Amino acid sequence: MTSRASPATTRLRERVLLIAPHGSYRTASFIEAASQLEIDILIASQGEFSIVNEYAKGLHIDFQDQQQALERILIAAEEQPFAGIIASDDIATGLAARAAQALGLPHNDPQAVTLTQRKDLARQCLHNSGVNIPAFDRLSTLQAISEQKITVDFPAVIKPVALSASRGVMRVDSMAELEQAFARLKAILNAEESLSAEQRTTVLLESFIPGVEVAVEAMLYHGRLHILTIFDKPDPLDGPFFEETYYTTPTSQPETVQQQIHDSLQQTCRAYGLNEGPIHAECRINSEGVWILEVAARTIGGLCGRLLSMGTGYSLEQLVLMHAMGREIKMAPMQTATGVLMIPVPKAGILKRVEGLLEAQRVQGIEDVVIEVQQGYELTPLPEGNSYLGFIFARADTAQQAEQALRQAHACLNIVVAPMWKINSALSA
Ligand code: ADP
Ligand code: CA
């Protein structure tokens, strides 16, 4: 990747280790960001047989054997040091924290990282620290609902403790709905082989917090929270499922509320013991104040990080890389209004084609329309599903105009989905 120079002028470029599951959709953006910053990046992954060069030539680790993975990273660091260590996804953040800790690089306490990945432990921690969170009960899927103590009132939300992207998150308004949702969640968790036994059998029941929701992208520098942007989620998220759709920025929330959001998130990070790196959070806001729904120690999912580079000049991945190397960047707040629509999966089935892409792209303010799912692939809506069909990006003078452009572009799309016939259902018909 680097150009060869004569021995006299050779200066080793700084290099950063990116720990990423093979196939992470964030890897390409980090590789690009590293090249823009003129640093080398080594990828640690399970990519031994990958056809992608960066994985194949990278460090091969097994996420199931964290101790051995850590040792491999430390040996690689002895051969040539790392200026920083980052993780692309939740599965890699714990290992990244341990490796960076061992090498004296900016990192979070591995225990703090665990809290961001276990909603039940996180809730208990925030409750103990007096952070404003919904009332909650921790339930076990190994026992019937009727045998467990439930203190939360309806409406409530039932959710897994270690999944993401709203998978398995369901609103329930009565005991009967809770019973049904509990069975449905149990089936989702049973099929989830990547989870530990405890993660697979523990679920959370929380009181439903009404109100508007915002998503926050932030960076922590030595414990200090620096908000990069607050996204409004203009579509109501009242359930029964909570599909992510529209994100627009700048937020329409007044300064005072933005300050409260900052303060609540800062308090949350302190409670977890999180001090360094990217934060992606969700909060609800109503007459009783700001409520913390979730704080993750990673960047925003999907391609949505692009929204930030549209506004700030630095990409989110560049900020993360620079932070990992101990560099803090002073940044002016974003000036442009941007928005993204995570295109909802319209129904279950096989994706035949998406019509109207050109019309959608031509809508004023639309920057890009990206379809992520390939033709012929299966689409599964929430709560079982876990992928977005794609993204539409907009940039405009105001967040409202960006939202309008997204809505108009979405209306141009005709997503053709063929029903899927399962063999057993065909036989029993
Ligand atoms: P995930 O990690 O899968 O994103 P979250 O806990 O963040 O799970 O929940 C996903 C979405 O479900 C939230 O963004 C929110 O819209 C909704 N939600 C979750 N918990 C609550 C709650 N207690 N009250 C209201 N809405 C909730
Ligand atoms: Ca979330």
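In each ligand, atom 1 is the first atom listed, and ligand 1 is the first ligand listed. Values below: all heavy atoms of this structure, side chains included; hydrogens, waters and symmetry mates excluded. Bear in mind that the values here come from a model prediction, so they are computed numbers and not experimental data.
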query = When you check the side-chain N and O atoms of Q259 and D263, is any donor under 3.5 Å from an acceptor?
reply = yes
task = Specify the protein heavy atom at minimum distance from atom 18 (N) of ligand 1: its residue, its atom name, and the distance to 0.1 Å.
result = L293 CD1, 4.1 Å
query = At under 4.0 Å between heavy atoms, which part of F208 makes contact with ligand 1: side chain, backbone, both or neither?
reply = both
request  = Determine which of the N, O or S atoms in E282 is closest to the Ca ion (ligand 2) and give its atom name.
outcome  = OE1
query = Can you tell me which residue and heavy atom of the protein come closest to atom 7 (O) of ligand 1, and the distance to 0.1 Å?
reply = E294 OE1, 3.0 Å
task = State plainly whether the residues R72 and D62 are in salt-bridge range, i.e. N to O under 4.0 Å.
result = no
note = Closest to the Ca ion (ligand 2), among the N/O/S atoms of E294, is atom OE1
ask   = Does E244 come within less than 4.0 Å of K233, counting only side-chain N to carboxylate O?
value = yes
task = Answer with side chain, backbone, both or neither: which part of K159 has a heavy atom less than 4.0 angstrom from an atom of ligand 1?
result = side chain
task = Report yes or no: does S207 have a heavy atom closer than 4.0 Å to ligand 1?
result = yes
request  = Below 4.0 angstrom from a heavy atom of P134, which ligand 1 atoms are there? Numbered from 1 as shown, please.
outcome  = 23 (N)
request  = Output yes when a side-chain donor or acceptor of Q266 lies under 3.5 Å from a complementary backbone atom of G223, and no otherwise.
outcome  = yes
request  = Counting heavy atoms only, name the option from P210, G239, C283, S166 that's nearest to atom 3 (O) of ligand 1.
outcome  = S166
ask   = Backbone or side chain, does any N or O of I209 fall under 3.5 Å from an N or O of ligand 1?
value = yes
ask   = Would R26 and E317 pass as an ion pair if we require N to O under 4.0 Å?
value = no
request  = Identify, for atom 16 (O) of ligand 1, the protein heavy atom at the shortest distance, and state residue, atom and that distance.
outcome  = E213 OE1, 2.6 Å
message = Less than 4.5 Å apart, side chain to side chain, heavy atoms only: is that true for Y272 and C125?
response = yes
key: Among E359, E355, R353, side-chain hydrogen bond (donor to acceptor under 3.5 Å, both in side chains) partner for N414   = E355
message = Quick check on contacts: which atoms of ligand 1 are under 4.0 angstrom from a heavy atom of A165?
response = 1 (P), 3 (O), 4 (O)
ask   = Heavy atom of K119 under 4.0 Å from ligand 1?
value = yes
key: Side-chain donor-acceptor pair present, T248, D232, cut-off under 3.5 Å   = no
request  = Please tell me if the side chains of L95 and I61 come closer than 4.5 Å, counting only heavy atoms from C-beta onward.
outcome  = yes
request  = Answer side chain, backbone, both or neither: which part of E244 comes under 4.0 Å from ligand 1, heavy atoms only.
outcome  = neither
